[in-house]
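Read the numbers this way: they start at 1 and go in the same order the structure lists the ligands and their atoms. Model, not experiment: these values are computed from the prediction. Side chains included, hydrogens not; waters and symmetry mates left out as well; all remaining heavy atoms used.
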Amino acid sequence: MVADLELFFVVYSSFQLEFKETRQANFWRSHLCSSKTSRSCYYSKRVEDSGFHKKKKGLFCINSSDPTPTDKKVVLQGNSLPELKDFSSCSRSKIRIAIPSKGDIGEDTRSLLKESGLEIRLHNPRQYWATIKDFPEVEVWLQRPADIVRRVQEGQVDIGFVGYDIVAEYQDSSDSTLLIHEGLGYGSCKLGVGIPMSWIQVTSMNELSRFSEERKSPLLITTKYPKTVKKFLQEKGVRNYRLLHMDGALEAATQMGCSDLIIDLISSGTTLRENLLKEITEGTVLESDMIMIGSPLTMGLNNAFGHKVRSFTRELLERIESHLAAKDHFSIIANIKGSSPGDVARKIGSQLDLKGMDGPTVSPVIPPRGFDSGMYAIGVVVKKNRLYKAIEQLRSIGGSGVCVLPVSYVFEKKSARWERVTNTLGIDNDS
Ligand SMILES: Nc1ncnc2c1ncn2[C@@H]1O[C@H](COP(=O)(O)OP(=O)(O)OP(=O)(O)O)[C@@H](O)[C@H]1O
Ligand SMILES: O=P(O)(O)OC[C@H]1O[C@H](OP(=O)(O)OP(=O)(O)O)[C@H](O)[C@@H]1O
Ligand SMILES: [Mg+2]
């Protein structure tokens with residue numbers, strides 16, 4: 001009987017999953033996730049190459065009122081897609097965010113969230129889950145970067161903060177994660193080729209490609225990014241190579257004699273240089289920044305949980321966007337003499353650093369006795385690094401009583417990024 005089944009699952013009550021693959025094993029991938037906190041479990045699915053996302057673009061329909069017991073046997077038959085409710089019947093109630101568990105990117109993610117109004121409360125430094133002050137419906141899970149991508153695409157986590165390099169390498173396909181914010185401004189680096197400085201005849205990818213063809217033995221290339229690197233080398237016409245793996249400190253590989261060259265992350269370039277390696281022209285595989293991703297599986301759910309995830313994700317995105325838009329700016333309030341609001345606005349508009357984000361706000365200053373003083377209060381938002389220039393320009397047009405205030409958030413009329421998310425999901429902007 002088992003031989004006739006595409007895939008055979010047995011879910012044991014102790015949250016163990018026995019997984020047997022038969023003929024078309026790669027057709028389905030399913031996952032079991034158990035939540036220690038709620039003792040609930042759910043399973044989600046990913047369908048590779050089945051066109052499922054394209055066909056089912058839009059809200060997913062699930063049956064959350066039918067929690068399947070954990071010891072229930074789930075059997076998938078034939079090639080046909082099972083009903084979605086077969087996979088999503090047991091729902092968790094808390095929204096899950098995954099952030100890097102360590103390193104600069106871990107610290108910087110916590111700072112970004114704090115500055116955006118979400119303070120993470122880690123109850124103990126060895127614990128891998130945390131809470132957010134004032135957001136009791138949200139859990140934070142601290143994970144290694146590759147696992148963040150895996151959990152998000154499986155739907156075990158709703159929102160992830162991770163480097164683009166890791167998403168490119170670990171996501172199964174371009175639609176298995178949803179891009180929510182494409183550049184959070186930290187963890188910036190590039191994945192690039194590093195060759196020995198002693199190879200003076202090789203300065204570009206073209207030369208490296210020719211060099212590899214002239215050799216009898218394949219080029220030995222050490223990298224932690226095999227999928228991304230294979231694609232890059234194919235595009236660059238490099239064929240005579242063999243990939244090797246190292247867990248870290250890759251820059252040592254050439255001097256140790258284990259490898260001809262490396263393809264690894266480069267930020268300042270110091271590690272490369274200190275290990276007698278150099279970059280080459282067109283040797284950048286990709287540029288990376290920390291990004292925010294979401295799970296299409298949970299974000300597309302057509303039920304209360306899906307709505308809750310979308311509504312929180314939108315709030316988080318808009319808080320982050322408006323914080324990032326505000327953090328490089330100051331707000332300036334000052335008084336300026338003029339014959340009319342238009343006259344004052346023109347004076348301000350003539351100054352390079354006073355143009356503000358949306359032009360100046362100009363309002364008449366009305367003294368206690370109520371007559372026109374010819375004085376106007378103006379408000380502009382200026383770049384932090386241009387503050388003193390802006391003050392000088394204000395003085396040059398008669399500005400006085402200048403107050404400089406921090407800007408916490410700058411909310412735009414609407415979030416173009418959220419629109420992109422809802423368009424990708426094929427759902428209404430506000431649902
Ligand atoms: N030098 C760097 N400068 C800026 N960002 C970096 C740098 N190195 C790594 N990153 C970013 O941080 C992410 C995680 O890097 P990190 O080295 O902390 O993780 P890891 O290599 O998986 O862990 P480990 O170093 O313990 O093996 C990378 O995927 C990349 O996005
Ligand atoms: O260009 P730089 O500013 O010198 O940074 C690049 C280095 O940073 C990362 O290493 P990490 O410190 O994470 O060590 P790892 O190689 O063990 O991951 C990366 O893998 C490079 O080795
Ligand atoms: Mg590292």
Please could you name the atoms of ligand 1 that [X] approaches to less than 4.0 Å, counting only its heavy atoms?
{"X": "Gly187", "result": "4 (C), 5 (N)"}
{"X": "Ile166", "result": "29 (O)"}
{"X": "Gly163", "result": "31 (O)"}
{"X": "Arg144", "result": "22 (O), 23 (O), 24 (P), 26 (O), 27 (O)"}
{"X": "Lys224", "result": "21 (O), 27 (O)"}
{"X": "Asp165", "result": "28 (C), 29 (O), 30 (C), 31 (O)"}
{"X": "Ile105", "result": "12 (O), 13 (C), 14 (C)"}

Quick check on [X]: does its [atom1] atom have over 12 non-hydrogen neighbours (other residues, nucleotides or ligands) under 6.0 Å away?
{"X": "Tyr164", "atom1": "OH", "answer": "no"}
{"X": "Lys231", "atom1": "NZ", "answer": "no"}
{"X": "Asp328", "atom1": "CG", "answer": "yes"}

Which of the atoms of ligand 2 are close to [X], meaning less than 4.0 Å from one of its heavy atoms?
{"X": "Thr271", "answer": "2 (P), 4 (O), 5 (O), 6 (C), 7 (C), 22 (O)"}
{"X": "Leu265", "answer": "6 (C), 19 (C), 21 (C)"}
{"X": "Glu251", "answer": "21 (C), 22 (O)"}
{"X": "Asp264", "answer": "19 (C), 20 (O), 21 (C), 22 (O)"}
{"X": "Ser268", "answer": "1 (O), 2 (P), 3 (O), 4 (O)"}

Polar side chain donor-acceptor pair, [X] to [Y], under 3.5 angstrom:
{"X": "Ser295", "Y": "Gln153", "value": "no"}
{"X": "Glu318", "Y": "Ser415", "value": "no"}
{"X": "Thr281", "Y": "Ser204", "value": "no"}
{"X": "Trp199", "Y": "Gln201", "value": "no"}
{"X": "Ser212", "Y": "Asn240", "value": "no"}

*Does Leu250, backbone or side chain, put an N or O under 3.5 Å from an N or O of ligand 2?*
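So ligand 2 has no N or O lying under 3.5 Å from an N or O of Leu250.
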
*Does Asp247 reach ligand 2 with a nitrogen or oxygen that is under 3.5 Å from one of the ligand's nitrogen or oxygen atoms?*
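No, Asp247 has no N/O under 3.5 Å of an N/O on ligand 2.
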
Distance-only donor-acceptor hits, side chain of residues 142-150, under 3.5 Å, sequence neighbours excluded:
unit_1	atom_1	unit_2	atom_2	d
Asp147	OD1	Arg150	NH1	2.7

_Heavy-atom distances under 4.0 Å decide this one: backbone, side chain, both or neither, for Lys224 against ligand 2?_
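Lys224 to ligand 2: side-chain contact only, backbone stays beyond 4.0 Å.
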
_Checking contacts here: is it the side chain or the backbone of Ala249 that comes within 4.0 Å of ligand 2, counting heavy atoms only? Could be both or neither._
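The answer is the backbone.
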
*Looking only at heavy atoms, what is the nearest atom pair of Arg310 and Trp418, with distance?*
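That closest heavy-atom pairing would be O-CH2, 3.4 Å.
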
*For residues Lys224 and Met246, report the shortest heavy-atom separation together with the two atoms involved.*
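Scanning both residues, the minimum pair turns out to be CG-O, 3.1 Å.
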
Please verify whether a non-hydrogen atom of [X] lies at under 4.0 Å from ligand 1.
{"X": "Ser188", "result": "yes"}
{"X": "Lys102", "result": "yes"}
{"X": "Cys189", "result": "yes"}

*Nearest to atom 10 (N) of ligand 1 by heavy atom, Leu265, Asp264, Ile291, Asp147: which?*
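Checking each option, the heavy atom nearest atom 10 (N) of ligand 1 is found in Leu265.
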
Output side-chain donor-acceptor pairs under 3.5 Å for residues 185-195, partner residues at least two apart or in another chain, one line each.
unit_1	atom_1	unit_2	atom_2	d
Tyr186	OH	Thr109	OG1	2.8
Ser188	OG	Asp289	OD1	2.6
Lys190	NZ	Glu279	OE1	2.7

